[in-house]
Structure formats: structure tokens, C-alpha cells
Amino acid sequence: MPPTPALDGSQHLSLTESHLSAEATSWPEQPAAGHPPSPRGSGDRAAHGSESSQSHGGETLIEEGGDLDIVERVDGDLEKGEKGAAEGKGAEAIAGTEAPPLAADGTPVLVVDWKENDPAFPKNWSNRSRMGATFIVAAFTFLSPLSSTMISPATAQLAAKFDITDAVLESMVTSIFVLAYAIGPLFFGPASELWGRTVVLQLANLIYLVFNFVCAFAPNTGSMLAFRFLAGLGGSAPLAIGAGVLGDLWRPEERGKAASYYSLGPLIGPAVGPIAGGWIAQRVPNDGYRWVFFSTTIFCALVQLFGLRFLKETYSPVLLHRQALALKKEMGLPKDSDKVQTVFEIRERKTLRHIITHGLIRPFSMFAAEHIIKVLAVYMGIIYGIIYLTITSTTTIFTEIYGENVGLAGTNFIAQGLGFLIMAQIQGRLMDVLYRKLKNHYASDGKPEFRLPLMVPASIFLPLGLLLYGWGAEHHLHWIVVDIGMFFIAAGMIGNFQVINLYLIDTFSIYAASALAAATFLRSLCGFAFPLFATYMWEGIGYGWGCTLLALVAMAVSWPAIPILYLYGEKIRKTSKYAVKKR
């Protein structure tokens with residue numbers, strides 16, 4: 001074992017010789033009282049403890065009471081890849097103390113951080129590599145919603161096989177998969193902070209693969225519901241982690257286009273599922289539901305193999321931790337040595353218990369404390385519930401009202417898929433353009449509120465689509481009217497979801513995973529619950545008034561919320577414990 005080098009206050013240890021991308025530096029000695037600190041050159045990455053508890057440019061670097069407490073200035077530097085991040089400002093902020101961080105034996109800690117313009121920093125990867133990772137994660141995220149809805153046209157076969165006569169129980173076969181989306185992110189999101197995005201994605205996908213496959217052999221209703229729930233639990237991981245991967249890879253002004261591609265997976269999946277499931281149920285009249293599970297399992301295996309081969313880790317704390325371990329090995333230090341720490345570990349060394357506890361508690365505490373999350377989560381829940389309500393009702397409308405067979409009825413979901421696809425691509429391109437124009441217009445570094453104007457058309461499309469869908473079916477109008485309604489419902493959904501997801505990422509930054517977990521929890525409960533009362537609502541007040549009621553509820557939440565958040569969102573963020581105060 002090579003000897004451990006002595007660490008003095010001025011030593012800089014470059015990892016270039018070790019073929020590592022990050023740099024490690026010890027904390028410099030503090031200047032004597034009354035003497036200014038030594039000036040830093042552009043290549044000096046030493047983190048100065050004397051600056052760490054001060055303000056930089058009028059913006060406080062430390063936020064009290066947080067976990068991984070990087071705040072606006074530091075987060076901005078890391079997001080933009082500016083020189084400040086390369087010079088160790090992240091270390092300054094996280095340290096939060098005037099004294100240099102010391103190891104247990106009193107020697108200065110070597111801090112592992114990204115160097116300037118580091119090609120290994122995920123936001124500095126080539127566009128091809130970043131877009132490739134985005135598409136792979138989108139493929140993972142496509143698979144789960146596909147499975148959640150693909151069984152819907154075949155539920156009549158399941159009902160006949162298992163003697164299900166209750167309409168609620170029949171709808172639950174589809175929607176219980178979505179209920180698992182409320183639980184999984186509370187565990188998978190925090191787990192990705194400990195072990196990385198890639199490992200958690202692939203292990204969770206394996207859980208989905210196994211239980212989705214055994215659904216085909218479920219002997220009774222209870223086991224089918226249990227297997228569907230467990231498959232949904234594994235399938236929820238990409239939905240929990242995908243937005244985090246976008247945050248790892250793309251800067252705010254770049255995320256719109258990436259989000260438009262990524263969102264195709266989770267939002268086209270629910271449309272493609274019933275189309276494929278309808279034709280499978282039509283062609284295989286008795287056991288078609290089994291082939292729904294077989295086909296999705298085969299597709300899952302292909303995605304899993306592709307991910308194992310091409311998907312790389314994107315989470316910076318995990319990447320730096322690996323480089324710190326390599327440095328410890330080179331220096332002859334044990335893995336648990338505190339002489340070398342990443343910029344993220346200086347503040348607090350996390351444990352599994354710490355990560356899971358915070359992952360379970362923080363989303364609910366943020367939901368309770370943050371008005372922004374409350375409003376947007378409720379709106380997302382309403383939209384998600386509407387989508388799954390229409391998914392479970394559309395096959396019935398076209399088979400009973402329009403006299404189509406199950407396979408032909410499934411093709412009406414093409415309209416929904418087109419709504420997702422067209423709106424996602426148009427809005428995705430407009431988001432980045434509009435964000436840059438508003439930045440230039442206000443001479444600003446950018447604000448989360450610059451995302452919100454594009455919610456206006458989306459919040460109009462949703463109620464418009466509901467009115468066309470409901471009253472078209474109510475009065476037996478031409479089938480194209482119902483399909484146009486489905487198109488606008490889908491366009492409204494993806495238009496709102498794209499903006500809300502990016503707004504939450506920009507607003508809560510390093511707490512974005514918890515903010516999204518809170519929103520996902522509520523929307524998944526709505527996606528599970530809405531189909532359960534759909535049959536009774538249609539029978540009670542009809543398709544027309546039922547959809548009108550849903551449209552009014554969506555408008556009551558969104559139409560006041562959008563201008564309020566746009567005009568006063570920055571003031572609200574300034575009172576928040578978790579939100580970025582200023583970019």
C-alpha cells in the first residue's frame with residue numbers, strides 16, 4: 001500500500017495524472033487576521049472558507065435547514081457551467097463554515113469537484129450523448145404507461161374469465177397499475193440519490209418485467225390485482241427518475257426541446273396501449289389478455305438490454321463519489337476515509353436511512369408548505385384523472401354507442417396519440433425560444449415563471465376537448481367529433497405537463513425530485529380513482545354533463561393559477577424554504 005501523502009494547507013492534487021475528470025483540492029490555509037485572502041486565478045479551484053459564510057454578489061450562499069443545501073448562486077453556476085462552479089464555489093457553499101473542513105485526524109480534506117469545462121460533467125457531454133441518454137430514458141418511461149392502458153380493451157375478457165360483475169372492480173384492473181405510481185417514486189427517487197439513476201432504473205425495470213409476465217398466469221382476481229400493482233411499482237421508477245435525468249443533462253434554456261422528446265414516452269404510451277390491446281383482444285378472443293402481458297414483457301426485455309449497453313450514469317454526486325473512491329485507492333486510503341470527500345459530501349455524508357427517511361417525508365412536507373406545489377399538483381391530478389377516465393371509457397363509447405368492434409374502437413386512440421405528439425413537438429420547440437426571448441427582454445438570467453405563458457393555450461384545449469368528447473358521445477354525433485375531443489384533451493394534458501414539470505424543476509432545483517414526487521403522488525391517486533367513479537357518473541348525468549363538470553373543475557384551478565404564478569411567482573418563491581429565490 002503506497003504511503004498517504006501529507007496534506008498541508010496549500011497542496012493542490014490534480015487527478016489528471018490518475019485519468020480522472022474531476023479535480024481535488026485541499027482547503028487553503030486561512031489568512032491571518034487583518035490580511036486579505038490570496039487572490040484566485042482562473043485556474044485556482046481552492047474553496048476559501050473565509051468566503052463560504054459570506055454573501056457573493058449580494059446573494060447568500062447558504063440556505064439553512066436543507067439537505068444538500070446548494071442555493072441560488074451556486075445552483076446557477078452549476079447549471080450554466082460557469083467558471084464559479086469550476087473554481088469551487090460549490091464547495092464553499094456546502095461547507096458553510098469559515099474554518100476549512102478537516103478530517104478526523106485534523107488534516108485538511110481534499111475536495112473532489114468538477115473542473116472548468118469538464119467533459120465528464122453530464123451537462124458538458126456532447127448533444128448526441130445527452131440526447132441519446134434522453135431517448136433511452138424515454139423508452140423506459142414509454143413502457144410503463146403503455147402497460148397501464150394496454151389491458152383496458154381486454155378487461156371484458158378478464159371479467160368473463162374471473163367472473164367479475166362489479167364495474168368498479170373491472171376498472172380497477174386497469175387503474176391499480178397507476179396507484180403504484182403514487183408509492184414507487186417515494187422510494188426510487190431517494191434511492192437514485194444514493195446509488196445513481198442507472199442502477200435504480202434497471203433494477204426497477206426488472207421488477208416490472210417479472211410481475212408483468214406473471215400477470216398472464218394469475219389464477220384469480222386478487223392475484224391479478226396484486227401482480228398488476230407490483231408491476232406498476234417497478235414501472236414507476238422511470239417516471240420518478242426521468243425528470244431528474246433531464247435536470248442532470250440539460251441547462252434550463254436547453255430543457256424544452258429535450259423535454260418534448262422525453263415526454264413522448266410517458267404520454268404516447270397511454271395512447272398506443274389501447275390501440276395495440278384492442279387489436280390483440282379482437283384477434284385472440286379468449287386469451288388475448290395474456291398476449292397483452294407477453295408482448296409488453298418482450299418489449300421490456302429489449303429496452304432493458306439496450307439500457308444496460310448504452311445508458312450511462314448522469315447524477316453528479318454519484319459520479320464524483322466514484323472519482324473520490326478512485327483517488328482514495330490511488331492514495332492507499334480505505335474507502336470510508338474522510339481525507340477525500342466530494343463537494344457534496346462535505347456538508348453531510350448521507351446514509352441509506354437518511355436518504356429514505358428524507359425521501360418519504362420531504363415530498364409531503366413540501367406539499368404542505370409550498371403553495372406552488374399544492375396548486376400545480378392538484379391541477380396535474382385533475383388532468384391525469386381525466387386522461388385515465390377517458391381511456392377506460394372510450395372503448396365502451398365506441399362499441400356501445402357507435403357499434404364498433406373492440407379492435408376498431410381501439411384505433412380511435414390514434415387521435416389521442418396525435419394530440420400528444422403534435423402538441424409536444426410544437427410546444428417543445430417554442431419553450432426554449434420563448435424562454436430565451438423573455439430572458440433577453442427582461443435582461444434576466446432567467447426565471448421559472450418564463451415557462452408559464454405556454455400553459456395558457458393548453459389550459460384552453462383541455463376543457464374544449466372535454467366538451468367535444470362528452471357532448472359528441474351524448475348526442476351520437478359523428479365519431480370524428482369525439483376523436484377531435486380526444487385530440488384536444490391529449491394536447492391540453494401534454495401542454496400543461498411539459499410546462500409544470502419544467503417549472504417545478506427550475507423552481508425547486510436540487511429539491512426538484514421531492515417536488516415532483518409530491519405532484520406524482522397526488523396525480524397517481526387521481527389516475528387510480530377517477531376511472532372507478534366514471535361508470536356511475538356517466539349513468540347518473542350522462543357523458544355531456546359529466547365532461548362539462550370536469551371541464552369546469554379544470555378551469556377553476558388553472559385559469560386563476562396561471563396569471564397569479566406568472567405575476568407573483570417570484571414573490572412567492574422568496575418566502576419559500578425550498579425554492580430557488582433568484583437564478
Side-chain angles (χ1 to χ4, degrees), residues 4-5 7 11-28 44-49 52 61-62 66-71 74-75 77-79 81 84-97 99-104 107-124 190-199 244 247-248 312-352 354-355 358 509-510 513:
T4 301
L7 305 179
Q11 182 180 12
H12 288 243
L13 182 61
S14 172
L15 303 193
T16 306
E17 297 175 359
S18 310
H19 307 289
L20 298 175
S21 299
E23 282 189 15
T25 69
S26 65
W27 215 275
D44 188 351
R45 294 175 41 84
H48 288 256
S52 63
L61 294 180
I62 302 301
D67 175 32
L68 261 185
D69 299 323
I70 309 174
V71 294
V74 177
D75 178 65
D77 289 340
L78 291 173
E79 288 282 5
E87 290 177 352
K89 288 182 183 175
E92 296 174 28
I94 297 174
T97 173
L102 301 176
T107 58
V109 171
L110 267 71
V111 182
V112 179
D113 194 359
W114 298 113
K115 65 184 179 182
E116 186 173 0
N117 299 320
D118 197 325
F121 183 47
K123 287 187 176 70
N124 290 338
S192 73
E193 296 179 14
L194 192 64
W195 295 302
R197 317 290 195 196
T198 304
V199 172
D248 295 340
K312 298 188 296 182
E313 184 55 60
T314 64
Y315 190 49
S316 282
V318 170
L319 293 172
L320 289 177
H321 179 68
R322 292 175 182 174
Q323 302 207 29
L325 289 177
L327 178 58
K328 290 176 186 178
K329 182 177 180 181
E330 179 179 298
M331 295 170 61
L333 297 171
K335 291 183 179 180
D336 60 353
S337 172
D338 62 352
K339 292 179 180 292
V340 178
Q341 298 182 41
T342 72
V343 69
F344 297 99
E345 292 170 338
I346 294 172
R347 173 75 178 187
E348 186 170 9
R349 190 177 294 273
K350 296 183 177 182
T351 64
L352 176 60
H354 179 272
I355 289 280
H358 278 68
S509 189
I510 60 167

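Scope of the values below: all heavy atoms of this structure, side chains included, with no hydrogens, waters or symmetry mates.
- The two residues Val112 and Val340 make their nearest non-hydrogen contact at CG2-CG1, 3.6 Å.
- Across every non-hydrogen atom of Leu320 and Val343, the tightest pair is CD1-CG1, 4.0 Å.
- With rounding to the nearest 0.5 angstrom, the CD atom of Gln323 is 10.5 Å from the CG atom of Asp113.
- Between the Lys339 side chain and the Leu333 main chain, no donor and acceptor come within less than 3.5 Å of each other.
- Leu194 and Val318 get closest at one heavy-atom pair: O-CG2, 4.1 Å.
- Here the straight-line distance linking atom NZ of Lys328 with atom NE2 of His321 works out to 6.5 Å at 0.5 Å rounding.
- For the atom pair OG1 (Thr342) and CG (Leu319), the distance works out to 11.0 Å, reported to the nearest 0.5 Å.
- Here Ser316 pairs with Trp114, Phe121, Pro122, Phe344 under the side chain to side chain contact (heavy atoms under 4.5 Å, CB included) rule; sequence neighbours left out.
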Notebook entry, point to check: Run the side-chain contact (heavy atoms from CB on, under 4.5 Å) check on Leu325 and Arg322 step by step: do they pass?
Noted result: CA-CA 5 Å; Leu325 289 177; Arg322 292 175 182 174; 5.5 Å; no
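- Of the possible polar contacts, none joining the Lys312 side chain to the Thr198 backbone as a donor-acceptor pair under 3.5 Å is found.
- Across all their heavy atoms, Ser192 and Arg197 have their closest contact at OG-NH1, 3.2 Å.
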